[in-house]
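Below you'll find the structure, written out as structure tokens, and then a few comments.
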Number of protein chains: 2
Amino acid sequence: MQKDAYTLILEAIEARQFRPGERLVESELAERFGVSRTPVREALQRLETQSMLKRDGRSLIVATLDHNQLAELYAVRTELEGLAARLAARHATEEEIRVLQSMVADDQALLGGDPAALSRANKRFHKQIHLASHNRFLVQQLDLLHRSMALMAQTSFAAEGRDGVALGEHEAIVAAIAARDENRAWQALRTHISRAFETRLRVEAGELKLR
Amino acid sequence: MQKDAYTLILEAIEARQFRPGERLVESELAERFGVSRTPVREALQRLETQSMLKRDGRSLIVATLDHNQLAELYAVRTELEGLAARLAARHATEEEIRVLQSMVADDQALLGGDPAALSRANKRFHKQIHLASHNRFLVQQLDLLHRSMALMAQTSFAAEGRDGVALGEHEAIVAAIAARDENRAWQALRTHISRAFETRLRVEAGELKLR
DNA sequence: AAAGGAAGCCTTGAATGCAAAAAGACGCCT
DNA sequence: AGGCGTCTTTTTGCATTCAAGGCTTCCTTT
């Protein structure tokens with residue numbers, strides 16, 4: 001059995017096969033995925049409630065993120081990721097901390113490599129921190145945010161030199177969590193998000209080169 | 001034309017016509033609302049993605065909130081409402097501030113009255129602060145949280161004396177926002193949420209009487 | 001009497017068909 | 001030639017139907 005329509009459409013959006021602003025027609029998707037319109041419709045509506053899709057008149061288009069929305073998203077993200085770091089420092093199990101440590105260690109090998117692979121590793125790292133917070137509402141809300149981030153142009157890891165800096169920031173976060181230092185973990189993660197936003201702005205402004 | 005299935009089911013959950021834990025059967029809902037199973041199905045799936053419904057085997061039940069989840073929810077809520085207060089102090093227009101001030105003034109008249117009316121007024125007040133943040137992601141996420149709160153037993157305004165205290169807290173929040181004092185607004189709203197949680201815990205423990 | 005199995009019913013998942021509404025294209029009139 | 005109106009086509013929304021899966025209940029067997 002193959003994946004359901006919801007997953008297929010979501011993956012297609014995340015893979016940028018459907019671009020922000022692009023219109024999604026039920027019958028086309030149904031044919032493309034070899035199912036009827038019914039499951040496609042359901043998938044589209046679920047994605048709409050998650051703000052991945054937006055209504056434009058009667059039809060649905062892939063949501064777009066303008067500059068303002070980007071700033072708004074990062075404002076919320078900073079707060080929630082900071083909370084996640086604080087809670088992870090408080091609630092993470094020793095096993096979870098070791099997983100975080102090994103993730104950071106493994107990421108050394110990826111430095112300078114494929115930006116897409118770096119981005120995936122980064123996603124896994126942050127996801128692991130979310131889970132370590134042991135707060136399912138927080139996990140859910142951060143999931144939503146990260147979904148919306150998939151609508152952005154490209155990963156900030158494509159920026160020249162960003163990967164090494166980010167890895168250092170990751171190390172600082174994990175160290176703070178391992179030390180059970182809530183405030184330091186909170187601050188380290190906020191700084192990390194802030195830097196990532198800054199990088200993205202520089203790329204957008206054309207100041208930073210992409211590899 | 002009447003409201004769509006999604007709104008009807010959501011309202012029924014919020015009105016506690018469907019209780020947490022209760023199983024929702026598509027065909028029953030379809031008959032009750034006089035539509036076919038198709039729009040009911042779509043509505044149920046949307047509510048499931050918002051965590052208002054939960055899968056239990058193959059069928060859907062209204063989500064339940066245990067004590068742990070309550071604490072997790074309030075942890076996230078404190079952070080997001082605090083951010084909303086900070087952003088409202090920064091971004092609210094003069095008109096929005098005047099609306100907040102008049103809301104607080106009008107709420108005086110409700111003191112000691114119907115807990116349900118107090119709760120509605122409270123919801124409107126907080127919603128107005130969310131909107132004054134001028135951050136649509138934040139509004140969206142807080143909407144989600146407030147939805148989930150509808151799954152809780154009853155409003156904390158039913159607690160003896162809570163309404164007067166809460167109104168005072170509301171006044172402090174609005175004053176800080178009007179003064180454009182971000183930190184004071186942030187702190188005032190966090191304190192307010194913290195007190196509300198505390199009240200709820202006291203009620204749950206049976207320490208506080210309900211009116 | 002209890003446990004295991006089979007049969008039937010209930011419920012969900014998916015496809016198809018139909019109607020209505022919106023978007024677009026074409027022509028007509030000014 | 002341009003604008004307005006109508007007709008056609010596309011696309012969505014909803015209903016109905018069919019199939020598959022699970023659950024319950026009852027019967028049988030040990």
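- Annotation: the span from A:R90 atom CZ to A:I177 atom CD1 amounts to 12.5 Å, rounded to 0.5 Å.
- The nearest heavy atom of DNA chain C to A:P39 and to B:S27 marks one nucleotide each, and the one closer to the 5' end goes with B:S27.
- Side-chain contact between A:L80 and B:V76 is present, with at least one heavy-atom pair separated by less than 4.5 Å.
- Closest heavy-atom contact between B:G113 and B:L118: O-CD1, 4.0 Å.
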Validation: residues 197-204 of chain B side-chain donor-acceptor distances under 3.5 Å, sequence neighbours left out:
| from | atom 1 | to | atom 2 | distance (Å) |
| --- | --- | --- | --- | --- |
| B:E198 | OE2 | B:R202 | NH2 | 2.7 |
| B:T199 | OG1 | B:R195 | O | 2.9 |
| B:R200 | NE | B:Y74 | OH | 3.0 |
| B:R200 | NH1 | B:Q154 | O | 2.6 |
| B:R202 | NH1 | B:E207 | OE1 | 3.1 |
| B:R202 | NH1 | B:E207 | OE2 | 3.2 |
| B:E204 | OE2 | B:H67 | ND1 | 2.8 |

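- Residues B:K54 and B:L60 are not in side-chain contact: their nearest non-hydrogen atoms beyond the backbone lie 4.5 Å or more apart.
- Nucleic acid contact for B:L24: sugar-phosphate only, since backbone atoms but no base atoms lie under 4.0 Å from a heavy atom of the residue.
- Residue pairs meeting the ring-ring contact (aromatic ring centres under 6.0 Å, His included) criterion with at least one member in residues 79-106 of chain B, sequence neighbours excluded, do not occur.
- Map A:R23 and B:T38 each onto its nearest nucleotide of DNA chain D; the residue landing nearer the 5' end is A:R23.
- Side-chain contact between A:T93 and A:I97 is absent, with no heavy atoms from C-beta onward closer than 4.5 Å.
- When all heavy atoms of A:L70 and A:M152 are compared, the closest pair comes out as CD1-SD, 2.8 Å.
- Scored by the salt bridge (charged side-chain N to carboxylate O under 4.0 Å, His left out) test, B:K123 finds no partners at all (sequence neighbours excluded).
- For DNA chain D, the outermost nucleotides in 5' to 3' order that have an atom under 4.0 Å from a heavy atom of chain A are D:dT11 to D:dG13.
- Proximity of residues 47-62 of chain A to DNA chain D (heavy atom under 4.0 angstrom from any strand atom) is restricted to A:R55, A:R58.
- Heavy-atom contacts of chain B under 4.0 Å fall on DNA chain C between two terminal nucleotides, which in 5' to 3' order are C:dT11 to C:dG13.
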* To do: Could you give me the CA-CA distance, side-chain angles and deciding distance for A:H146 and A:Q141, then say whether side chain to side chain donor-acceptor pair (under 3.5 Å) is met?
  => CA-CA 9 Å; A:H146 280 259; A:Q141 304 237 332; over 6 Å; no

